[in-house]
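Every heavy atom of this structure was used, including side-chain atoms; hydrogens, water molecules and symmetry mates were not. Note on naming: letters A, B, ... go to the chains in the order of the sequence lines (proteins, then strands), and numbering restarts at 1 for each one.
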Protein chains: 2
Amino acid sequence: MNKTKLTLKDVAQQLGVSTATISNAFNRPDQLSKARREDILLQCERIGYSGPNKAAQILRKGTSNIVALVLADSIAYMVSDPVASTFIKGVSTTLQQQGKHLLLYAGDSKSILDVVDFVDGFICYGAPRNYKLAREIAAQPKPAITVDFDIVDVPSINIDNEDAAYQVAKAAIEKDDVVAILGLRLIDSPSTCRIYDNPLIDTDSSISHRRLDGYLRAAEEKGVSIQNEWIWHLPESDRNYARQAAKEVLMSSPRPSTVLCMSDIIALELLHSAIAMGIDVPNELKITGFDGIEEADRARPHLTTICQSSVSKGEAAAKALLAGEVRKQILPFDLKIGETVGKR
Amino acid sequence: MNKTKLTLKDVAQQLGVSTATISNAFNRPDQLSKARREDILLQCERIGYSGPNKAAQILRKGTSNIVALVLADSIAYMVSDPVASTFIKGVSTTLQQQGKHLLLYAGDSKSILDVVDFVDGFICYGAPRNYKLAREIAAQPKPAITVDFDIVDVPSINIDNEDAAYQVAKAAIEKDDVVAILGLRLIDSPSTCRIYDNPLIDTDSSISHRRLDGYLRAAEEKGVSIQNEWIWHLPESDRNYARQAAKEVLMSSPRPSTVLCMSDIIALELLHSAIAMGIDVPNELKITGFDGIEEADRARPHLTTICQSSVSKGEAAAKALLAGEVRKQILPFDLKIGETVGKR
DNA sequence: CTGTTAGCGCATTCAG
DNA sequence: CTGAATGCGCTAACAG
């Protein structure tokens, strides 16, 4: 019994054939007769050789079957977010089907350079918290695709956030409403607050600002104006931030009659807080969400929201990356009217 | 401007030094003067060389800084399970601190051999659905650690499942109770069902069977016996399976007065179903969970359950792996008495 | 269909 | 502290 791991060369010697033959048996079936190949594979199994060393293959071939999924934030945060984890689901399913491996990469990492040499490509889900990563992605030579944000000349997957926000807002807002918005990453602040006159960040690239545009357009059409003191910023789509913001909104005077939330997590937290305070939804308070997460289905009353299929996004992203797609795609969404808007 | 990527050799030539010097500048600071090193690093940055090629380093050094996290099931499933995703959180946090990368590996994959050559080690979370993977882990030479199950001679992280189950059951069961158990992976069936006389699987290694033992011991002490027709098997800790099982349990006659659930997801689903049917918890029905997930905190009445910190498990697993730990560890748990047991 | 050879890009001896 | 040489394990050309 050999102690040290067998190499292709060892095996070739033991079987009395050349290294190329062994290599071909594993990698290029068409380069030798079926019988020969099967014989070799069998012999290899018997002597405990399970195929060419992958590390060497990565160097030699320049491909590894590893795809890096660059998340917007830390893995810890992303994995507990229902929207992100659903996206990961879509990505992983597709990658597994194609025999690819999934490397999770945090968006708050220093740099992407320590994996670029051995991964086959990048899927970037959301603008990375460390925005330098986005620049590195753009500069680096491996295929990449972005989701829910854009980098010039990099293929992407998005929905029409402006239109989606417009539609859901239009379903909620009525004449004479006092409208508030619970937004995500609108300004550069680590805590929940009203945006007032703080400068908006990333005004062009951010999906949050596209959504804000949609909300405001719908409001305008309904003849309602929304001042900045009615617009909240939350640093993350997180229950704790949401609870705090919900409290602020519900304590405001006058209390808004419609609150447009940029995620279902936020909307659900607001809904629960409102119910706990004995507020009648939707008669006293209308609420809209965004995303269409599963938990929203379990809430009563049913949430009015925009359903975007994160699984589809993940699948689309993985497929597009593997297929070498270069275009930017816009995926559809569904407006779902629940019971949190309109009078009963 | 070079089109092709710079190699260490190119850089050495350009800077007029030897390749070893460049290599040392990046990898072994002690091998050259600080000034020299900083000068070289600066030059490298200026000409756009970001360091030695990682793929080549993997081959040469035999390490990659990649740790594979082998999940019990498909990534798609695991990532949406609150317990598993919390575990991933713990693992990823620790790995990121130590500059390691996280490769997610599905437990229903064919084999582990296609990554063994380039990862530095394995963390196995739960017995993989394809149990062959466990054997491969045992046979392969890289460091590995298992969590929530065991492989002979492989270090592991576990809690005392028997004791935990015993304690939570003991807190719930009262004399003359009719007790039912909603168990996980007790028999080899893809659907929810009572176990009756079906042969139990994996009787030794499975944590489910340890929990079952604990439940039964507590019942016995209370003078209650639990027949097999009062024990359900669920293939996964999944809301849909749980809902179905909950329905069966609540429709049973006589209806159990205590139901011991092997996960909080199951327990919460049962709780919701019971409330929807107007059943008084805990006066007409006592419920216990297992895991201590966040969602259980939000439920009313509060769930009585076993809190095991999945984050700690993840951290412990990653640390133990990186530290070369070889022992098997038993982590503590907490019995949390909520309002779903005992009379009010 | 098979065997020989030249690197993939680097880290590490070992002299100097 | 530096430079030349060796090979990590493999694949792709190419020649037979």
Side-chain angles (χ1 to χ4, degrees), chain A residues 2 4-41 43-44 47-65 113-120 141-142, chain B residues 2 4-41 43-44 47-65 113-120 141-142:
Chain A
N2 276 323
T4 158
K5 215 185 165 192
L6 288 172
T7 71
L8 189 148
K9 210 163 133 194
D10 300 334
V11 173
Q13 255 174 8
Q14 283 195 35
L15 300 198
V17 297
S18 92
T19 59
T21 307
I22 307 289
S23 175
N24 285 334
F26 280 96
N27 303 315
R28 309 202 306 193
D30 52 310
Q31 297 294 299
L32 69 177
S33 73
K34 195 169 173 187
R36 190 111 184 69
R37 177 175 132 89
E38 284 177 355
D39 179 48
I40 289 178
L41 260 30
Q43 303 274 351
C44 287
I47 64 179
Y49 180 70
S50 54
N53 181 295
K54 305 297 174 194
Q57 284 187 318
I58 296 176
L59 177 57
R60 182 62 234 243
K61 296 191 179 179
T63 63
S64 60
N65 284 339
L113 297 176
D114 46 355
V115 298
V116 68
D117 291 329
F118 64 81
V119 303
D120 290 349
K142 302 277 172 92
Chain B
N2 277 325
T4 157
K5 215 186 165 194
L6 288 172
T7 72
L8 189 149
K9 208 164 134 193
D10 300 334
V11 173
Q13 254 173 9
Q14 283 194 35
L15 301 198
V17 297
S18 97
T19 59
T21 308
I22 309 289
S23 175
N24 285 333
F26 280 96
N27 303 314
R28 308 201 306 192
D30 52 308
Q31 297 295 300
L32 69 179
S33 71
K34 193 168 174 185
R36 191 107 184 70
R37 177 175 133 87
E38 283 176 355
D39 179 48
I40 288 178
L41 260 29
Q43 303 274 352
C44 285
I47 64 179
Y49 179 71
S50 52
N53 181 295
K54 304 298 174 194
Q57 283 189 316
I58 297 176
L59 177 57
R60 180 62 234 244
K61 296 191 179 181
T63 63
S64 60
N65 285 338
L113 297 176
D114 47 354
V115 298
V116 68
D117 292 328
F118 64 81
V119 303
D120 290 350
K142 303 277 174 90

Under 4.0 angstrom between A/R28 side-chain N/O and D/dA12 OP1 or OP2: yes

Full working for side chain to side chain contact (heavy atoms under 4.5 Å, CB included) between A/T63 and A/I58: CA-CA 5 Å; A/T63 63; A/I58 296 176; over 6 Å; no

Rounded distance in Å - CD1 (B/I40) to C1' (D/dT2): 10 Å

Any B/T7 side-chain N or O less than 4.0 Å from OP1/OP2 of C/dG9: no

Carboxylate-amine/guanidinium proximity below 4.0 Å for B/D117 and A/K5: yes

Closest listed nucleotide, where the reference is the side chain of A/A56 and the choices are D/dA12, C/dA11, D/dC10: D/dC10

Short side-chain N/O contact from B/Q57 to OP1 or OP2 of C/dA11, under 4.0 Å: yes

Short side-chain N/O contact to C/dA11 OP1/OP2 from B/S23, under 4.0 Å: yes

Phosphate OP1/OP2 of D/dC10: any A/T19 side-chain N/O under 4.0 Å: no

Sugar-phosphate only, base, or nothing, as touched by B/L59 at under 4.0 Å among non-hydrogen atoms: base

Sugar-phosphate only, base, or nothing, as touched by A/N27 at under 4.0 Å among non-hydrogen atoms: sugar-phosphate

Sugar-phosphate only, base, or nothing, as touched by B/L8 at under 4.0 Å among non-hydrogen atoms: sugar-phosphate

A/N53 side chain near D/dC10 phosphate (N/O to OP1/OP2, under 4.0 Å): no

Closest to the B/V17 side chain, choosing from C/dA11, C/dT4, D/dG3: D/dG3

Distance below 4.0 Å between A/Y49 side-chain N/O and D/dC10 OP1 or OP2: yes

Any A/R36 side-chain nitrogen or oxygen under 4.0 Å from OP1 or OP2 of C/dT2: yes

